[in-house]
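First up is the structure itself, then whatever we jot down about it.
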Amino acid sequence: MQHPPALTLESRNRHDGHEGPRNNQSKQRSVLKLTGPAASAVHALAAKHPEVSRRLVSWTPSYVHALAIALQSEAMAERGDAIAAFDDPVVRDAGTLTLLTLAGFEPADRLIPLLNQLQTTLYHIEEYRAWDRMMAHKRAAGFIGSHRGKLTAAKLSALSTLHPDLYGHRIMANIRSHSDVVAVNVIVEAVCRACPDVPITDIRRSLRQTKAEFNAWLRSWFARGRLPEPPYPGSDRLVPLRTGREVVDASRTFQNCLADQVDQAATGQLAYYIWKGREPAVIALKPLGKFGWVLDEIAGRKNKRLSTATRRAITAELTSWGCFADGKVEDAVHRWRAWSLL
């Protein structure tokens, strides 16, 4: 393979007046001559991205040499091309310098000042790798570039653990800590459990692209999925709701806000049953941990209170299943838990 002519680079560093008195050595000139693969790599990069070529004169020879060596790796070369394509010079330089750090070089003297413009500072190699993962994705790098001066090290660290499928302005803007990332992951996993036939990539993409309020997005997915297995199998008169669609339909039938609580049913915080007696009703049960389930609410159409006879019939059947249908039981459980802490 024939390589292009050797590439000679000059760097003149002027004394800035802060490192001692001026003297005849205040102007330093250094020259680097690149040959072989190193020259090929730099020539190729400069040919693809003219703005990089124009900037070479301001780079130190050791910096360009490191760049050339790093770009000899095909994967590194592709990453270099992607980074060089960004319009924001701060983002472009920071990404390139991170690339060099990952290649085994330590250009921290140039990297840290650039990152300071983004109000973040990286100290460890894993943090450089996290930054590199972000810079490798155009949406993430674009977000970082548009939020210069607003990012903290904690936020950047948290964002680096976010799945790339979730790199979107709304999500990234709301991530402030690792706890927020955990919360997003838990929500996505809950939707996956409710909708096992939907690929997780589709769910993440839907969350990234939604323009709806996040709770509304969540309820819309739960309305399409299955609910956890009901605590009791039910009977001919007391039938469990097993899907989000059944919850939404029951909300329309009974003209109540049941559909707004489909997320609580999907995450096991509530279990719903329909009473098919003379006075139809919606029954909500809630878990009491190891103590089982307790009756939370009984309501008729438009949340009207039912007759005493109907309520007694419902509570009797629930009690026969082992469900606590007496409000005093819940109070006793809470008192017991309080005593156990004494």
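Count residues from 1 along the sequence.
Arg193 contributes atom CZ, which lies 9.0 Å from atom OG1 of Thr267 (distance to the nearest 0.5 angstrom). Atom CH2 of residue Trp217 and atom CG of residue Asp263 lie 11.5 Å apart, to the nearest 0.5 angstrom. Distance check: Ile314 CD1 to Cys323 SG gives 11.5 Å after rounding to the nearest 0.5 Å.
Panel note: side chain Thr210, backbone Leu207; no donor-acceptor pair is recorded below 3.5 Å. In this structure, the side chain of Ser251 does not engage the main chain of Val247 through any donor-acceptor pair within 3.5 Å. Although no hydrogens or angles enter the test, the distance criterion places no donor-acceptor pair under 3.5 Å between the side chain of Asn174 and the main chain of Ile171. Here the side chain of Arg139 pairs a donor or acceptor atom with the backbone of Tyr167 at under 3.5 angstrom. Arg208 contributes a side-chain N or O that, together with a main-chain N or O of Asp165, makes up a donor-acceptor pair within less than 3.5 Å. Of the possible polar contacts, none joining the Ser206 side chain to the Asp202 backbone as a donor-acceptor pair under 3.5 Å is found. Using modelled atom types, one side-chain atom of Glu213 and one backbone atom of Ala216 make a donor-acceptor pair closer than 3.5 Å. When atom types are taken as modelled, the side chain of Asp180 and the backbone of Arg176 share a donor-acceptor pair closer than 3.5 angstrom. With hydrogens and angles disregarded, a donor-acceptor distance shorter than 3.5 Å links the side chain of Tyr273 to the backbone of Tyr232. With hydrogens and angles disregarded, a donor-acceptor distance shorter than 3.5 Å links the side chain of Lys155 to the backbone of Ile175.
Applying the side-chain contact (heavy atoms from CB on, under 4.5 Å) test between Tyr272 and each of Asp296, Val282, Ile283 identifies Val282 as the sole match.
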Just do the side chain to side chain contact (heavy atoms under 4.5 Å, CB included) check on Lys286 and Val294 with the steps written out, would you? CA-CA 6 Å; Lys286 63 181 179 181; Val294 64; 3.7 Å; yes
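Within the 4.5 Å cutoff, side-chain heavy atoms of Asp260 are placed close to those of Arg219. Counting heavy atoms from C-beta on, the side chains of Leu285 and Leu270 never come closer than 4.5 Å.
Side-chain atoms of Trp321 and Ser235 include no donor-acceptor pair closer than 3.5 Å. Side-chain atoms of Ser307 and Thr310 form a donor-acceptor pair, as typed in the model, at a separation below 3.5 Å.
In the hydrophobic clustering of ILVMFWY residues, with side-chain heavy atoms under 4.5 Å counting as a link, Val186 and Val188 come out apart. No continuous path of hydrophobic side-chain contacts links Val198 to Val248 [ILVMFWY only; heavy atoms under 4.5 Å].
The cationic atom of Arg170 (NZ for Lys, CZ for Arg) lies less than 6.0 Å from the six-membered ring centre of Phe214 and within 45° of the ring axis. Relative to the six-membered ring of Phe254, Arg301 meets both conditions, a distance below 6.0 Å and an angle of at most 45° to the axis.
Ring planes of Phe143 and His169: perpendicular class, angle over 60° (limits at 30 and 60°).
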